[in-house]
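To start, the structure itself, in structure tokens.
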Amino acid sequence: MSNDGFGYDTRLPENIREVFMWLCQDVTSLQSKWSLYLKLFSNQEDTMLLSELALGFFQVIEESLRNDMTMAICRLSDPPKSMGKDNLSLRTLVEQYDECASVSDLLKDFVAVCEPIRQYRNKRVGHNDLNTTINAKENLLPGIGRNQIDSILQLAGAILNAIYQQFVDGELYFMPFQIGGADDIIHWLKIAREYEDARRIALRKSMTGS
């Protein structure tokens, strides 16, 4: 198994070293997708641009990102075992390293804030709950907002850093640097729209002779 990925450190106890590394990468991946989601869909002007130029495409992107992040959050908050199989989750990590009381407290907060996401996963993403789908007004899903996802990411990072800092004088940062991300897509779409607007104006002028 790779021992040079983000989060791998030989100063960590051997029994948690690889689990810790993969969880660091899972949290970083989730943060990357959440940042992309916010940049694409949280600004009204940018959202209108996406809808104007490629509505169907970005509807699929939005739904796919939302479902993928839902599953990623639920994997991070899974119990140590499911269906007799070991899970790679923060609860597994804390079970294997239970020498820091603050980590257990952070984990309780993390699991609690993830619970509405798990309900959403169980009823609409992982399974298609009949009553939730057909009788939506009588079976409302819990509201999930930006602050809740931010809290989930903050707590996940805090759990990992609380363990990391028991052995290393340092801090891990889970915000990846992206080249060619959402900002670039929006930038080029704006240029494309400006070009198309200019082309239409020029065409109208040539047709009217003005």
Side-chain angles (χ1 to χ4, degrees), residues 1-43 65-82 85-118 120-121 144-186:
M1 189 173 290
S2 173
N3 62 359
D4 58 356
F6 171 64
Y8 187 89
D9 197 306
T10 56
R11 291 169 288 186
L12 295 174
E14 186 175 0
N15 68 309
I16 66 168
R17 201 175 292 161
E18 289 182 345
V19 170
F20 185 90
M21 178 191 72
W22 288 114
L23 288 170
C24 284
Q25 294 181 28
D26 286 347
V27 172
T28 301
S29 175
L30 177 59
Q31 179 66 70
S32 176
K33 290 169 184 175
W34 178 232
S35 298
L36 175 65
Y37 187 90
L38 290 177
K39 287 179 181 179
L40 286 176
F41 304 114
S42 66
N43 180 282
L65 276 172
R66 178 161 31 87
N67 289 346
D68 189 70
M69 289 187 294
T70 297
M71 297 302 292
I73 288 169
C74 291
R75 287 193 296 269
L76 285 170
S77 60
D78 268 340
K81 288 182 180 290
S82 297
K85 302 289 186 179
D86 293 330
N87 290 322
L88 178 66
S89 71
L90 288 170
R91 293 163 79 175
T92 299
L93 176 66
V94 175
E95 184 180 76
Q96 294 178 359
Y97 178 80
D98 58 358
E99 300 175 25
C100 180
S102 64
V103 173
S104 296
D105 292 338
L106 287 168
L107 181 65
K108 290 177 183 176
D109 293 339
F110 175 76
V111 171
V113 78
C114 288
E115 182 55 31
I117 311 292
R118 298 186 72 84
Y120 181 77
R121 187 277 305 271
I144 300 168
R146 177 172 179 171
N147 289 341
Q148 195 164 356
I149 307 301
D150 286 339
S151 293
I152 287 169
L153 283 162
Q154 187 274 326
L155 285 165
I159 290 167
L160 292 168
N161 267 310
I163 293 175
Y164 186 72
Q165 290 166 352
Q166 296 294 307
F167 307 95
V168 181
D169 182 17
E171 184 175 358
L172 295 169
Y173 296 92
F174 302 94
M175 178 64 74
F177 175 73
Q178 291 182 325
I179 298 175
D183 289 336
D184 295 294
I185 291 173
I186 291 171

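Keep in mind it's a predicted model, so treat the numbers as computed, not measured.
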Atom [atom1] in [X], atom [atom2] in [Y]: separation rounded to 0.5 Å?
X: Gln165; Y: Leu160; atom1: CD; atom2: CG; result: 10.5 Å
X: Asp26; Y: Ile73; atom1: CG; atom2: CD1; result: 12.0 Å
X: Arg11; Y: Tyr164; atom1: CZ; atom2: OH; result: 5.0 Å
X: Arg121; Y: Glu115; atom1: CZ; atom2: CD; result: 9.5 Å
X: Leu153; Y: Phe110; atom1: CG; atom2: CZ; result: 8.5 Å
X: Leu12; Y: Ile163; atom1: CG; atom2: CD1; result: 8.5 Å

- Query: Where do Asp9 and Phe20 land on the side-chain contact (heavy atoms from CB on, under 4.5 Å) test, with the steps shown first?
  - Reply: CA-CA 9 Å; Asp9 197 306; Phe20 185 90; over 6 Å; no
- Message: Between Asp68 and Lys33 (salt bridge meaning N to carboxylate O under 4.0 Å), is one present in this structure?
- Response: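 Yes, this pair counts.
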Going by heavy atoms in the side chains, are [X] and [Y] under 4.5 Å from each other?
X: Gln148; Y: Val113; answer: yes
X: Leu172; Y: Phe6; answer: yes
X: Asp183; Y: Lys39; answer: yes

- Any chance you could lay out the side-chain contact (heavy atoms from CB on, under 4.5 Å) test for Phe41 and Leu65, step after step, and finish with the verdict? CA-CA 11 Å; Phe41 304 114; Leu65 276 172; 4.3 Å; yes
Mind listing the closest non-hydrogen atom pair of [X] and [Y] along with its distance?
X: Tyr120; Y: Arg66; answer: OH-NH1, 3.1 Å
X: Leu106; Y: Ala162; answer: CD1-CB, 4.2 Å
X: Leu36; Y: Ala182; answer: CD1-CB, 3.3 Å
X: Phe174; Y: Cys24; answer: CD2-O, 3.8 Å

- Can you pull the side-chain hydrogen bond (donor to acceptor under 3.5 Å, both in side chains) pairs that have at least one residue in residues 102-114, sequence neighbours excluded? none
- Item | Over 12 foreign heavy atoms within 6.0 Å of CD, Glu171 | yes
- Message: How about CG on Asn15, more than 12 heavy atoms from neighbouring residues, nucleotides or ligands closer than 6.0 Å, or not?
- Response: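 Counting neighbours around CG of Asn15, more than 12 heavy atoms of other residues, nucleotides or ligands fall under 6.0 Å, so yes.
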Can any side-chain N or O of [X] pair as donor or acceptor with the backbone N or O of [Y] at less than 3.5 Å?
X: Arg91; Y: Ser77; value: yes
X: Ser32; Y: Thr28; value: no
X: Arg17; Y: Thr10; value: yes

- Walk me through it: do Gln96 and Val19 pass the test side-chain contact (heavy atoms from CB on, under 4.5 Å)? CA-CA 10 Å; Gln96 294 178 359; Val19 170; 4.1 Å; yes
- Are a donor atom and an acceptor atom from the side chains of Gln25 and Ser29 found within less than 3.5 Å of each other? no
- Task: Take Asp78 and Arg118, measure what salt bridge (Lys or Arg N to Asp or Glu O under 4.0 Å) needs, and give me the verdict at the end.
- Result: CA-CA 9 Å; Asp78 268 340; Arg118 298 186 72 84; 3.0 Å; yes
- Item | Check against side-chain contact (heavy atoms from CB on, under 4.5 Å), Cys114 and Leu76 | CA-CA 9 Å; Cys114 288; Leu76 285 170; over 6 Å; no
- Sequence-distant partners of Tyr97, side-chain hydrogen bond (donor to acceptor under 3.5 Å, both in side chains), two or more places apart: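 For Tyr97, no residue satisfies side-chain hydrogen bond (donor to acceptor under 3.5 Å, both in side chains) once neighbours in sequence are set aside.
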- Message: side-chain hydrogen bond (donor to acceptor under 3.5 Å, both in side chains) for Ser89 and Thr92? Distances and angles first, verdict last.
- Response: CA-CA 5 Å; Ser89 71; Thr92 299; 3.1 Å; yes
